[in-house]
Amino acid sequence: MKSSARTWGLISGAVAAAAYGLNPLFARPLYEFGLTPAMVLFYRFALAAVMLVPLLVVKRISFALNVREFFASVLGGALMVASSLCLYSAFNYMDVGLAMTLLFLYPVIVAVVMSTVYREKLSWSIVASIVLALGGLICVTLLGKGNNNSEVHITWQGIVLAIGSAVSYALYIVAVRKSAMSNLPSEKLTFYTVLLGAPFFLIFLHGGMDLKLPQELNAWLLLAGVAFFPTIIALALMAVAIDKVGATPTAILGVLEPLTGLLIGIIMYGERLTLFSSMGIVLIFAAVLLVIAGDRKKPDAQS
């Protein structure tokens with residue numbers, strides 16, 4: 001039973017990461033319709049909340065929150081908003097690949113917080129997985145660009161924003177595991193994360209005065225896609241993974257997100273797969289396999 005729960009947790013973490021990596025597939029074309037990052041993120045969170053209502057009703061999950069769960073959910077929503085806005089803003093100050101590399105410092109941050117604050121013991125497989133994952137990301141996003149794109153665009157503002165996104169995302173993962181949010185079913189947790197997070201984006205839209213209502217059907221289809229796959233699916237399954245296998249392994253499985261983005265670039269936009277990119281993919285898969293194989297005899301080791 002414990003083994004099957006752990007397997008389900010690992011699968012959930014991997015699918016969540018892959019789903020989150022679909023962000024550029026839906027969000028990138030939306031900018032061509034005149035939407036800003038803040039607009040896209042507001043609609044992403046708001047539509048996700050609307051989509052989750054029927055699911056909660058059908059599953060007869062209560063919408064009620066106690067005081068501790070409410071404030072924990074507000075914190076969760078704020079952390080997701082901070083992470084999203086920091087990352088999207090970082091793209092204006094540095095190469096996207098560099099920003100994504102810095103974002104994936106978050107497994108390291110999660111591991112540090114869990115080991116220092118909550119005294120979680122880090123196994124050799126977890127440490128090795130982190131090293132392999134970061135090495136793979138460097139190969140994919142920095143070295144994998146090829147000689148034709150050797151000029152690197154990076155600023156201190158971009159570094160601060162990208163690291164801020166990593167810290168916010170890491171703290172969200174830890175909060176899901178260690179706060180009152182851990183008491184909520186994954187669907188309910190996701191619902192309140194996006195519902196309470198959506199209003200924060202209005203601050204950056206002058207209270208909604210700058211919010212644009214898309215007129216094109218394709219724009220709404222893209223918004224529905226970004227609300228469902230990288231939001232509902234990703235956050236709900238990530239909550240399941242955190243519950244089943246722990247915060248640190250879930251964070252490391254998140255390395256599949258940029259790999260998904262790389263594959264989308266190759267399949268959808270004709271981007272070239274370089275030697276370093278291939279090496280990075282091998283390192284990333286090695287990291288994921290280590291997470292799957294590591295601590296198999298201790299399914300309850302994560303706390």
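Atom set for the values below is all heavy atoms of this structure, side chains included, hydrogens, waters and symmetry mates excluded. Worth saying up front: this structure is predicted, and the values here are computed from it rather than measured.
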Atom [atom1] in [X], atom [atom2] in [Y]: separation rounded to 0.5 Å?
X: Asn66; Y: Asn183; atom1: CG; atom2: CG; result: 7.5 Å
X: Leu52; Y: Phe228; atom1: CG; atom2: CZ; result: 9.0 Å
X: Leu65; Y: Met181; atom1: CG; atom2: CE; result: 11.5 Å
X: Glu32; Y: Leu222; atom1: CD; atom2: CG; result: 9.5 Å
X: Thr260; Y: Leu22; atom1: OG1; atom2: CG; result: 6.5 Å
X: Phe229; Y: Phe26; atom1: CZ; atom2: CZ; result: 5.5 Å

* **ring pair (Phe, Tyr, Trp, His ring centres under 6.0 Å) partners of Phe70, counting only residues at least two apart** =>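 Expected list: none.
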
* Asked: Considering residues at least two apart in sequence or located in another chain, which fulfil the ring pair (Phe, Tyr, Trp, His ring centres under 6.0 Å) criterion with Tyr172?
  ->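 With neighbours one apart ignored, the set is empty.
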
Minimum-distance pair of heavy atoms, taken over all atoms of [X] and [Y]:
X: Leu161; Y: Cys86; answer: O-CB, 3.3 Å
X: Pro230; Y: Gly225; answer: CD-O, 3.3 Å
X: Arg6; Y: Val291; answer: NH2-O, 3.2 Å
X: Leu211; Y: Met39; answer: CD1-CG, 4.1 Å
X: Val194; Y: Phe191; answer: CG2-O, 3.2 Å
X: Gly9; Y: Ala241; answer: O-CB, 3.3 Å

* **Phe285 atom CZ, over 12 foreign heavy atoms within 6.0 Å** =>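 Atom CZ in Phe285 is not packed in, count stays at 12 or less.
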
* **Phe71, CZ atom: more than 12 neighbouring heavy atoms under 6.0 Å** =>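 12 or below, so no.
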
For residues [X] and [Y]: do they belong to one hydrophobic cluster (side chain heavy atoms under 4.5 Å, members Ile, Leu, Val, Met, Phe, Trp, Tyr)?
X: Leu105; Y: Trp156; value: yes
X: Leu41; Y: Tyr31; value: yes
X: Val58; Y: Val50; value: no
X: Val127; Y: Ile284; value: yes
X: Met51; Y: Leu221; value: no

For a 4.5 angstrom cut-off between non-hydrogen side-chain atoms, does [X] reach [Y]?
X: Tyr20; Y: Leu256; value: no
X: Pro214; Y: Tyr43; value: yes
X: Trp220; Y: Leu213; value: yes
X: Ser179; Y: Leu75; value: no
X: Thr36; Y: Leu205; value: yes
X: Ser73; Y: Leu184; value: yes
X: Met238; Y: Ile173; value: yes
X: Val57; Y: Phe63; value: yes

Counting N and O atoms only, with roles assigned by atom type, does the side chain of [X] sit under 3.5 Å from a partner on the main chain of [Y], one being a donor and the other an acceptor?
X: Ser84; Y: Met80; value: yes
X: Thr250; Y: Gly246; value: yes
X: Thr155; Y: Tyr93; value: yes
X: Lys212; Y: Phe33; value: yes
X: Lys188; Y: Leu56; value: no

* **With sequence neighbours excluded, residues passing side chain to side chain donor-acceptor pair (under 3.5 Å) with Thr231** =>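 With sequence neighbours excluded, Thr231 shows a side chain to side chain donor-acceptor pair (under 3.5 Å) to Arg44, given in chain and number order.
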
* Could you walk me through whether Tyr169 and Leu87 pass the side-chain contact (heavy atoms from CB on, under 4.5 Å) check? -> CA-CA 10 Å; Tyr169 197 57; Leu87 183 63; over 6 Å; no

* To do: Please assess Leu171 against Val167 for the test side-chain contact (heavy atoms from CB on, under 4.5 Å), listing each intermediate value before the final yes or no.
  => CA-CA 6 Å; Leu171 292 178; Val167 171; 3.9 Å; yes

* Show your reasoning for whether side-chain contact (heavy atoms from CB on, under 4.5 Å) applies to Leu290 and Trp124. => CA-CA 10 Å; Leu290 262 182; Trp124 71 268; 3.8 Å; yes

